[in-house]
Amino acid sequence: MASVVSSQVLYWFFSTPEITPRFQVRVHSGGGTSKESNAISWNGASLNGEKDKKVGGRIGSWNGSLKCEVKKKNVKDAISSDLDVLWDDGYGTKTVKDYFEEAKEMIRPDGGPPRWFCPTECGKPLQDSPILLFCPGIVGVGLALTLHHKALGKVFEVRCLHIPVNDRTPFEGLVKFVEETVRLEHASSPNKPIYLVGDSFGGCLVLAVAARNPEIDLVVILANPATSFDRSQLRPLFPLWEVLPDELYDAVPYLLRFVMGNPVEMARVNIEDRLPPGLQIEQLFQNLIALLPLLSDSVDIIPRDTLIWKLKLLKSAASYANSRLHAVKAEVLVLSSGNDRLLPSGDEAQRLKSTLKNCTVRHFKDNGHTILLINSATDIGQLAFACTRILRMRLSVFNFYMLWEDCFVTGFLLFLFFSMMAQEDGVNLLTVIKGTGKYRRSRRIDVVLDFIPPSMSEFKQGYDEVVGSDLLGLKFITKFKITSQRFDPGQARAFSHYNLTSSQAFAMLLRFATGSAMFSTLNDGKIVKGLHGIPNEGPVLLVGYHMLMGLEVYSLVPEFLREKNIMVRGVAHPVVFRERLGGSSPEFSLADWLKVMGAVPVTASNLFNLLSARSHVLLYPGGAREALHNRGEEYKLIWPDQQEFVRMAARFGATIVPFGTVGEDDVAELVLDYNDLMKIPVVNDFIRDATRDLTRLRLRDKSKGEVANQELYLPGILPKVPGRFYFLFGKPIETKGRAEEILKDRENANQLYLHIKSEVERCIAYLLKKREEDPYRNIVDRTVYRALYSPLHEVPAFDP
């Protein structure tokens, strides 16, 4: 694995050469000649496909004179079209088991120098995609992105650094090797950023390169960087390994295997989550047993002198990188683990954030050191329940006479039970890059051109953790095919299940409250169930009412994806996208997921760019003031007097679809609004302090009325027994061909603005009346129907 010390366990896991090679790479080798990069199949001997033949020029052991050559891909090697919505990113189909099997083919020494390789499973990237250079952990195999190759390969030109196990190139020599590649790429494409991803030891390597090249546009991504090596819990033990007797040295692999991370995670990689809990436990048991013989032969793979060399290399890397942090000008993203037992990664992330000039941190509290190699694949709650049931059976008085094998199994099940309590969630690297706003193809990010639509795994994961899986009907995804070209129900088997969090618990309650009934209006004025009245081709501007705290968004956006395979780009208050201040360990948050799902700050330029790209855009003219309305203002439109969005839509000939939504009074009762909270002594000071620094983010000046001056706060609400949300999209309003009359005559623009507003009010009034006829408005009736007949999105409502 790509890690600091425990990376050598990779070699220890493979001592049998009989497994058939199946890993393919494209090699970018070192050397001073003008050799082209070749696409080859790894044959178990050397990376150039010929036995005992070295790739490129031989690198001196200590002279650090490394050379590399970069051959740019032809234009025909890139995909010219954009990615489809809900594209297959392959996340969840590759596992740690695949990593081990592929790495086995690469750990055999071939005498060659460090080199770049491109996994063929990365495929062809989108046109004008930036390059991503991955620097591995201390072992240097370069396969720690195995779970991410297919996803990253769509939007990056991926190259991974391979450092042979017996290579003795010093750290400065590796820095020069990577640096030369970076400079060649920059000279070839000076307007594109270069992504440097460093895992553990690789983090020191990419930081050193960034410090030496402050003039190059670099985006540095660090996964538990080894810059904190001096504070490692195991560092005091490292000198002892030089004098450790051979008999005791044989136990080192076992020690490092358990320090590196949860061994259960590696054994769970190929377990189907659809299996009954008992069968999952049985398969998990078999997988773990199969790994034990590999550990016993592992010491022969990496001898003591190689391990000692690696540790010295790591020490010099950490010292070199830390001494040059002040020179790093690059954009930096740090991924840190809260359960890293090798390095104090959480504390190190905060140190780097305070030291580096442009650093963002995302903390994953339940993950271990190998953060890029974890992919949860089973429902841990069900497995733990099955464990306890089996334990009860085995510990009962009737089984008191069980054989010693059963004693072993019982102890093993106890180990499984406690190991699974510390389950790690998978981290999709591309999702994190998108959610933190780090993906761009030029020097400045373009929220339209640089947007990568959500993949199917992101769609499932995001609404599992933030909205709730049942909200999307994803439990029934194999029964509902979104489109035959874009989604294969068989892919559902690869999707992970995630631990139940507090946000999910709330989301499950919200799911019942927002068992949404969608209605739309055809061009002839007929109201129909579903979204058939929404134009498929953009630009389309959805203009509607913002309910209390914007809860309706969680139903609206996924419903468009599910029913029409349309990505709705929401525009939200800029404060939603602000980096949180003062948080010691910022985790991947709701705001990050909003960016993954296409939300952008509401600005005139963003609206202009979205409409010019023919997008479906969601706009709430009432904004925060409408979503944080006072008591007695339910279903009241609080819109500004200006009609800017009408003129913008007319400029691009966009179709405007007014819509109304009701149901907030069926979910909660507003008991404390802004006026009430400002009368409470301590609370009013808190609200003032919390919003004082947001003054510069106000979207409208004071001359435009109360809608422009809403303080951001959390209202006091009293939950109700959940009811139902209803949406009605009015008749589409065409602006194509009307640009001149609307843009030049403000009176015409104002008349259209008032017409849209009245249509939204009409939709709300219609829903308030018709929902009384819904036999499934009550959560009990709706839940019973859903359990007996159909998934959530098929539960009937009133007849329009």
Side-chain angles (χ1 to χ4, degrees), residues 466-467 502-503 505-507 509-510 512-514 544-556 570 572-578 580-583 589-591 594 602 620-641 660-726 757 760-761 764-765 767-768 771 779:
V466 180
V467 182
S502 57
S503 62
F506 169 75
L509 176 61
L510 183 64
F512 291 108
T514 60
Y545 168 68
H546 218 359
M547 284 202 302
L548 181 64
M549 299 176 65
L551 294 178
E552 79 283 351
V553 175
Y554 299 110
S555 297
L556 190 152
H573 197 290
V575 72
V576 175
F577 303 97
R578 281 180 49 126
R580 288 163 293 176
L581 302 176
S589 65
L590 173 61
L594 289 176
V602 54
Y620 294 103
R625 174 63 183 89
E626 198 168 77
L628 299 175
H629 58 71
N630 296 322
R631 283 180 296 151
E633 294 180 339
E634 295 84 359
Y635 307 124
K636 175 185 176 182
L637 298 189
I638 308 174
W639 289 14
D641 296 332
T661 177
V662 302
E664 66 175 78
D665 54 342
D666 270 354
V667 176
E669 179 182 356
L670 179 61
V671 293
L672 292 175
D673 60 20
Y674 177 76
N675 296 327
D676 297 324
L677 293 174
M678 293 305 290
K679 296 176 182 178
I680 304 176
V682 178
V683 177
N684 57 14
D685 291 336
F686 176 80
I687 294 176
R688 292 191 188 98
D689 293 340
T691 57
R692 184 174 294 115
D693 61 337
L694 303 179
T695 304
R696 64 183 182 86
L697 294 178
R698 296 187 187 279
L699 304 180
R700 307 178 177 99
D701 58 53
K702 293 184 179 181
S703 65
K704 295 180 181 179
E706 62 174 337
V707 71
N709 300 296
Q710 176 62 42
E711 300 287 353
L712 301 181
Y713 71 101
L714 187 64
I717 60 175
L718 182 64
K720 293 182 178 180
V721 176
R724 196 173 193 180
F725 280 5
Y726 302 86
K757 186 175 181 180
V760 173
E761 293 173 332
I764 294 174
L767 292 174
L768 289 174
R771 71 175 178 176
I779 187 174

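- A side-chain donor-acceptor contact under 3.5 Å links D673 to the backbone of R631.
- Taken to the nearest 0.5 Å, the OH atom of Y726 stands 7.0 Å off from the CG atom of D666.
- Side-chain atoms of E669 do not come within 3.5 Å of backbone N or O of L718 as any donor-acceptor pair.
- Ring planes of Y545 and Y635: tilted class, angle from 30 to 60°.
- Contact between V667 and F725 at its shortest, heavy atoms only, is CG2-CE1, 3.4 Å.
- The heavy-atom pair separating G544 from P621 by the smallest distance is O-CD, 3.8 Å.
- Side-chain contact check for P574 versus V602: some heavy-atom pair is nearer than 4.5 Å.
- Two residues are said to be in side-chain contact when any heavy atoms from C-beta on lie closer than 4.5 Å; E552 and V662 fail this criterion.
- The CG atom of L548 sits 6.0 Å away from the CD1 atom of I717 when rounded to the nearest 0.5 Å.
- The minimum heavy-atom distance linking L628 with P715 is given by the pair CD2-CD, 4.0 Å.
- Residues L637 and I764 form a side-chain contact, since some pair of their non-hydrogen atoms from C-beta on lies under 4.5 Å apart.
- Scanning both residues, E626 and I638, for their nearest heavy atoms gives OE2-N, 2.9 Å.
- Using a 4.5 Å heavy-atom threshold, the side chains of R625 and H546 count as separate.
- In this structure the side chain of H629 reaches within 4.5 angstrom of the side chain of L670, judged on heavy atoms.
- For the pair E664 (side chain) and M547 (backbone), a donor-acceptor distance under 3.5 Å is absent.
- Using modelled atom types, one side-chain atom of K720 and one backbone atom of D665 make a donor-acceptor pair closer than 3.5 Å.
- Looking at every heavy atom in both residues, A624 comes nearest to H573 through CB-CD2, 4.3 Å.
- L714 places a side-chain heavy atom less than 4.5 Å from the side chain of M549.
- Of the possible donor and acceptor atoms, one in the side chain of E634 sits under 3.5 Å from a partner among the backbone N and O of G632.
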